[in-house]
Amino acid sequence: RSLTKSATRRQRVGRRHRLLHRSQSTSQTIILNQKATMTETKPEQPISTPPAEIIAEIKLPPLQSAAWRLERLFGGQRGPHAVGNASTASGENSAPPAAVIANTQSRSLVSSPQNQAKLLKKWLGTASGTAKSSSLSSIADCAKAVLDPSGKCATGRDLLLGFAKASDSEMSDGVATDGGAEGMDVDAPTKSYLVKTPREIEAYLLSLAIRSLWRSNRHAEAYQLSNKALLIVDAHLKECEGLISAAAGGQGGVGGLYPLRARLVRYRSLVLESLLSSAGSGSGEASEVVGVREDLATRYRMAVLAKDGDGMCTVLNLMLRDLLRGNQVEQAHKLLSNATFPIEAPPSNNQLLRYLYYSGRIRALRLEYTASFSALSQCLRKCPTNTGLGFRIAVQRLCVVVQLLMGEIPEREAFEGDGMRGEMRPYLEIARAVRKGDLAVFGETVTRHVQRFRLDGTFTLISRLEHSVVKAGLRRLKTSYSRISLKDVAIRLGLPSAKSAEFIVAKAVRDGVIDATIDHEGALSNRMI
């Protein structure tokens, strides 16, 4: 019986070894067959080369290249020479059927205004580097190259060419003759203009021209151009009200104009602020401000009715900024309480950050320090760390002051961020004076940095910290002394007299800052003693 058991055991082991050997041999043959097929089919695959229109686009200037990239995103032609290349290309360079199907699908995807707005905002993010290095001459050259002079964007094209006429005339003596001849010989037969996105590129180039004029301190020209640009974009939107459903069928994008109109509205408000600060206050400037406020209110109402998220958020932030700049805190609070902002799903993170900053500032001015600190803390958490240093510094300043008004001392890390040490130095000295509880040191610090605080817009809030300094000093005295005279309290807190110290101590006892009683013979005694 034991012999039969061992024989069956050997048979089972042998069967397992045979099965394992068969599986290994089959897997090796499969791998060898795959390698053989790969080596056989690899030389037969054609080398993929980029299309001729993509190669031509690489040679274009940055602004023109960005314009044609947006045209492709909206389902248009692939480049300025796509028509000519398509007619002369051979069979091997022609687009395969899969590319035609993908192009058809992309046109169906951009048919809705929401998708057009999303595509345009992504394109704006990729074209931000190109916009920084653009000048009036390059903007005019781009408008001349991509916008049809007899099309629907001829007004904006002529406007941009008019602003750059002076710079073009200076360079026309030595360079323009050869370049113009070359353009007549080469570009004329195959030249084409934008078909899907001429309105978007027109509005974008107008915004770049406004920013260029604004940064070169030509505020009056920038303000006039911004008003004309808004009139042009509003006319385009009114013209396309009935063509939204056919936007992908050849009439051009409509949803992409809404973010660009919000961009132009913001530039107009910023240019007007710079114009008023440089020219001073007057009756003409006051009438301009009133007119812009009325226009902003109208645009906000229309943006809400049209469900334009970009326009609604941008105009609301501009109205809050204008009211805060005019010290109309109560009006700003009424607007903040009655208006709605899509905090859960904002169309832009930048607009959300501005809204949190303005709401925190308004609440701080209205003594709502807890709500203000919550909004400012949320703003700091959502701020990008790789850009916007000036905005982060402004938010951190206000957050530190609000935290001091709440009776808390900020952490040391709040003053030592990257690039913030020099800007936060006055606020660090204020925090030290509040922590020490000495009114004399606090007064000296405020007097030394008063111009800086006024420039930052925090002087009104810092002037309220005197009561916090007194409370901090009284808490330290209560911890150190069980019985102290009001004269010594006045000396240690930097108060002018013992009489004022008695009033301040009485208010602190009534508010519950310290638990004590006043002995009118001239001492402060703790109830627990």
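All residue numbers in this chain count up from 1 along the given sequence.
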Straight-line distance of M420 CE to L428 CG, nearest 0.5 Å: 14.0 Å
Heavy-atom closest pair, residues M312 and T340: SD-O, 4.3 Å
Ion pair D310/R261, N-O distance below 4.0 Å: no
Any L275 side-chain heavy atom under 4.5 Å of W214 side chain: no
Whether N317 side chain and C313 backbone form a donor-acceptor pair below 3.5 Å: yes
Within-4.5 Å side-chain heavy-atom neighbours: V146 and C142: yes
Heavy-atom closest pair, residues L389 and D418: CD1-O, 3.5 Å
Exercise: identify the closest heavy-atom pair between S207 and R263: OG-NE, 3.4 Å
Nearest-0.5 Å distance, CG of residue L159 to CG of residue L206: 6.0 Å
Residue R448 excluded, over 12 heavy atoms near CZ under 6.0 Å: yes
Which atom of A203 lies closest to which atom of L264, heavy atoms considered: O-CD2, 4.2 Å
Trace of the side-chain contact (heavy atoms from CB on, under 4.5 Å) decision for V446 with I462: CA-CA 8 Å; V446 172; I462 288 177; 4.0 Å; yes
Heavy-atom check, side chain of L353 versus side chain of C383, under 4.5 Å: yes
Side chain R268, main chain N227, donor-acceptor under 3.5 Å: no
Spacing of CZ belonging to F453 relative to OG belonging to S463, to within rounding of 0.5 Å: 11.0 Å
Flag if over 12 foreign heavy atoms under 6.0 Å of CD, E466: no
Side chain to side chain, C379 and L352, heavy atoms closer than 4.5 Å: no
Spacing of T197 atom OG1 and Y204 atom OH [to the nearest 0.5 Å]: 12.5 Å
Short side-chain to backbone donor-acceptor contact, R218 and L213, under 3.5 Å: no
Close side-chain approach of L465 and I430, heavy atoms under 4.5 Å: yes
Derivation of the side chain to side chain donor-acceptor pair (under 3.5 Å) call for Y369 and R464: CA-CA 12 Å; Y369 299 132; R464 300 178 186 175; 3.2 Å; yes
More than 12 heavy atoms from other groups under 6.0 Å of NZ on K436: no
D295 side-chain N/O to G291 backbone N/O, donor-acceptor pair under 3.5 Å: no
Any M424 side-chain heavy atom under 4.5 Å of E416 side chain: no
Verdict with supporting geometry, L398 and Y357, side-chain contact (heavy atoms from CB on, under 4.5 Å): CA-CA 9 Å; L398 188 58; Y357 173 71; 3.9 Å; yes
Within-4.5 Å side-chain heavy-atom neighbours: R363 and H333: no
Contact summary for A66 and W123, nearest pair of heavy atoms: O-NE1, 2.9 Å
Minimal non-hydrogen separation, L376 against V395, with atom names: O-CG1, 3.9 Å
Point-to-point distance, once rounded to the nearest 0.5 Å, from CG of D141 to OG of S134: 11.5 Å
Polar side-chain atom of E202 near backbone of G156 as donor-acceptor pair, under 3.5 Å: yes
Pair R321, Y358: side-chain N/O donor-acceptor within cut-off below 3.5 Å: yes
Any donor-acceptor N/O pair, T458 side chain to R454 backbone, under 3.5 Å: no
Backbone of S135 reached by a side-chain donor or acceptor of S138 within 3.5 Å: yes
Stepwise side-chain contact (heavy atoms from CB on, under 4.5 Å) check, E330 with R366: CA-CA 8 Å; E330 292 300 325; R366 298 189 75 255; 3.5 Å; yes
side-chain contact (heavy atoms from CB on, under 4.5 Å) between L335 and Q331, worked out: CA-CA 6 Å; L335 176 62; Q331 297 292 333; over 6 Å; no
Sidechain-backbone polar pair: S216 side chain, S212 backbone, donor-acceptor under 3.5 Å: yes
Reported CG-to-CG distance for the pair L205 and L160, which is rounded to 0.5 angstrom: 6.0 Å
Test item: R452 and E423 side chains (from C-beta on) under 4.5 Å apart, heavy atoms: yes
Whether R361 side chain and S372 backbone form a donor-acceptor pair below 3.5 Å: no
Q328 atom CD: more than 12 heavy-atom contacts under 6.0 Å: yes
Test: K238 and D234 ion pair at under 4.0 Å: no
Geometric class of the Y355/F341 ring pair [parallel <30°, tilted 30-60°, perpendicular >60°]: parallel
Selection residues 374-395 - residue pairs positive for side chain to side chain donor-acceptor pair (under 3.5 Å), sequence neighbours left out: none
